[in-house]
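The structure presented is a predicted model; accordingly, all values stated were derived computationally and were not measured.
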Amino acid sequence: GSSRYYILFIFILILVVSSFSGVKYLLQNVDFFQIKFVEVIGNKNLEREFLSNISKDFIGKNLFKVSQEDIMQKYKNINRIKSIEVSRKLPNKLLIKITEKSGYLYIKSVEGELFPITKDKEILDNTRYFNSEILPVVTTNFPTKELEVGKIIKDEWINQIFSITEKLIELELLEDISEFYQNNDEIILVQSPIGYRIIPGTKDLIKKFKRYKFIRDNRS
């Protein structure tokens with residue numbers, strides 16, 4: 001006797017799916033939802049005009065036919081892009097929100113070439129440098145050919161520097177440092193802008209950096 005309820009449920013389900021498909025088909029085939037504007041927001045270093053030009057191909061297409069995957073495909077070769085969010089502004093505007101990868105440090109190769117790296121130790125491209133990224137430089141023994149864009153650096157020297165920078169950030173001192181290098185197994189920090197050498201060793205760094213901060217603030 002309950003079979004009629006199953007039949008009714010299936011009928012309603014078919015009706016809902018058909019209605020949804022019909023609405024979707026209608027939305028994807030009405031000229032009213034044709035894209036006329038593409039707006040890019042969220043960019044920090046990458047030029048907005050450059051990012052907008054990449055999406056010009058979507059102008060004239062239906063707003064509901066353009067998928068997140070379509071847009072991701074357009075930007076996949078830009079190493080600086082971390083993620084993309086897409087939203088639709090009815091009736092004819094596509095909004096693309098860019099989240100960029102930011103440089104944390106520069107690493108310097110044996111040949112003297114600089115590459116920005118993120119907090120995740122990913123190497124970013126160095127085709128151009130940005131005014132917003134005035135970063136400390138870490139001198140390394142890496143040949144330039146080993147510094148591949150997109151590669152995650154796994155290296156004990158870099159790990160040591162990251163450990164030091166975490167403590168410098170905690171005391172709001174990282175902006176004081178322009179360079180890190182190694183000499184006779186000593187880690188040396190170069191103070192900016194005068195160029196004093198700071199040799200903190202490897203122990204009690206918070207205590208030592210607090211002492212440095214006191215000296216810095218009272219050296220006059």
If I compare all heavy atoms of [X] with all of [Y], which pair ends up nearest, and what's the gap?
{"X": "Leu174", "Y": "Pro136", "answer": "CD1-CG, 4.0 Å"}
{"X": "Gly103", "Y": "Leu124", "answer": "N-CD1, 4.0 Å"}
{"X": "Ile81", "Y": "Lys101", "answer": "O-CE, 3.5 Å"}
{"X": "Asn92", "Y": "Leu63", "answer": "N-CD2, 4.4 Å"}
{"X": "Leu168", "Y": "Phe180", "answer": "CD1-CZ, 4.0 Å"}
{"X": "Pro116", "Y": "Asn126", "answer": "CD-CB, 4.0 Å"}

Original post:
Quick one: salt bridge (Lys or Arg N to Asp or Glu O under 4.0 Å) pairs with a partner in residues 144-153, sequence neighbours left out?
Top reply: none
Subject >> Within residues 75-93 or reaching into it, pairs that qualify as salt bridge (Lys or Arg N to Asp or Glu O under 4.0 Å) - sequence neighbours excluded >> reply: Glu39-Lys93, Arg80-Glu133
Original post:
Which residue pairs satisfy the ring pair (Phe, Tyr, Trp, His ring centres under 6.0 Å) criterion with at least one member in residues 191-214, sequence neighbours excluded?
Top reply: none
**OP:** Name all pairs fulfilling the ring pair (Phe, Tyr, Trp, His ring centres under 6.0 Å) condition that reach into residues 111-147, sequence neighbours left out, sorted by first residue then second.
**Re:** Tyr106-Tyr129
**OP:** Before giving the answer on side-chain contact (heavy atoms from CB on, under 4.5 Å), spell out for Ile188 and Ile198 the whole-Å C-alpha distance, their side-chain angles and the decisive distance to 0.1 Å.
**Re:** CA-CA 6 Å; Ile188 299 175; Ile198 304 168; over 6 Å; no
Would you say that [X] contacts [Y] through its side chain, given a criterion of any heavy-atom pair below 4.5 Å between the two side chains?
{"X": "Glu122", "Y": "Asn79", "answer": "yes"}
{"X": "Ile96", "Y": "Ser55", "answer": "yes"}
{"X": "Ile59", "Y": "Phe37", "answer": "no"}
{"X": "Val138", "Y": "Lys108", "answer": "no"}

Subject >> Results of salt bridge (charged side-chain N to carboxylate O under 4.0 Å, His left out) for Arg128 - residues two or more places apart only >> reply: Glu47
Original post:
Under the side-chain contact (heavy atoms from CB on, under 4.5 Å) test, which residues partner Phe162, sequence neighbours left out?
Top reply: Tyr104, Leu105, Ile117, Lys121, Ile158, Thr165
For atom [atom1] of [X], decide whether the heavy atoms of other residues, nucleotides or ligands shown that lie under 6.0 angstrom number more than 12.
{"X": "Asp217", "atom1": "CG", "answer": "yes"}
{"X": "Glu111", "atom1": "CD", "answer": "yes"}
{"X": "Glu175", "atom1": "CD", "answer": "no"}

Original post:
Are Leu94 and Ile71 close enough, and set up right, to give a side-chain contact (heavy atoms from CB on, under 4.5 Å), and what steps lead you there?
Top reply: CA-CA 10 Å; Leu94 188 66; Ile71 295 168; 3.8 Å; yes
In Å and rounded to the nearest 0.5 Å, what is the [atom1] to [atom2] distance from [X] to [Y]?
{"X": "Lys167", "Y": "Glu170", "atom1": "NZ", "atom2": "CD", "value": "8.0 Å"}
{"X": "Asp176", "Y": "Arg216", "atom1": "CG", "atom2": "CZ", "value": "4.5 Å"}
{"X": "Lys154", "Y": "Glu156", "atom1": "NZ", "atom2": "CD", "value": "14.0 Å"}
{"X": "Ile98", "Y": "Ser83", "atom1": "CD1", "atom2": "OG", "value": "8.0 Å"}
{"X": "Arg211", "Y": "Asp204", "atom1": "CZ", "atom2": "CG", "value": "8.5 Å"}

Keeping the roles fixed (side chain from [X], backbone from [Y]), state whether a donor-acceptor pair exists under 3.5 Å.
{"X": "Arg197", "Y": "Leu189", "answer": "no"}
{"X": "Lys97", "Y": "Ile41", "answer": "no"}
{"X": "Asn43", "Y": "Leu46", "answer": "yes"}
{"X": "Gln68", "Y": "Ile84", "answer": "yes"}
{"X": "Asn62", "Y": "Gln34", "answer": "no"}
{"X": "Lys61", "Y": "Val66", "answer": "no"}
{"X": "Gln182", "Y": "Ile187", "answer": "no"}

Report whether [X] and [Y] are members of the same hydrophobic cluster (ILVMFWY, side-chain heavy atoms less than 4.5 Å apart, transitive linking).
{"X": "Met72", "Y": "Leu51", "answer": "yes"}
{"X": "Ile164", "Y": "Val190", "answer": "no"}
{"X": "Ile78", "Y": "Val38", "answer": "yes"}
{"X": "Leu90", "Y": "Val86", "answer": "yes"}
{"X": "Leu95", "Y": "Val40", "answer": "no"}

With distance as the sole criterion, is a donor-acceptor pair present between the side chains of [X] and [Y] under 3.5 Å?
{"X": "Ser109", "Y": "Thr144", "result": "yes"}
{"X": "Ser132", "Y": "Asn45", "result": "yes"}
{"X": "Asp120", "Y": "Thr118", "result": "no"}

**OP:** Would you please test Lys44 and Ser102 for side-chain contact (heavy atoms from CB on, under 4.5 Å) and show each step?
**Re:** CA-CA 9 Å; Lys44 182 180 178 182; Ser102 298; 4.1 Å; yes
Subject >> Candidates Val137, Leu147, Ile161 - the one meeting side chain to side chain contact (heavy atoms under 4.5 Å, CB included) with Ile107 >> reply: Leu147
Subject >> side-chain hydrogen bond (donor to acceptor under 3.5 Å, both in side chains) between Thr139 and Glu179, worked out >> reply: CA-CA 8 Å; Thr139 300; Glu179 187 176 354; 3.1 Å; yes
**OP:** Step by step, work out the salt bridge (charged side-chain N to carboxylate O under 4.0 Å, His left out) result for Lys74 and Asp57.
**Re:** CA-CA 10 Å; Lys74 287 282 187 183; Asp57 290 348; 2.5 Å; yes
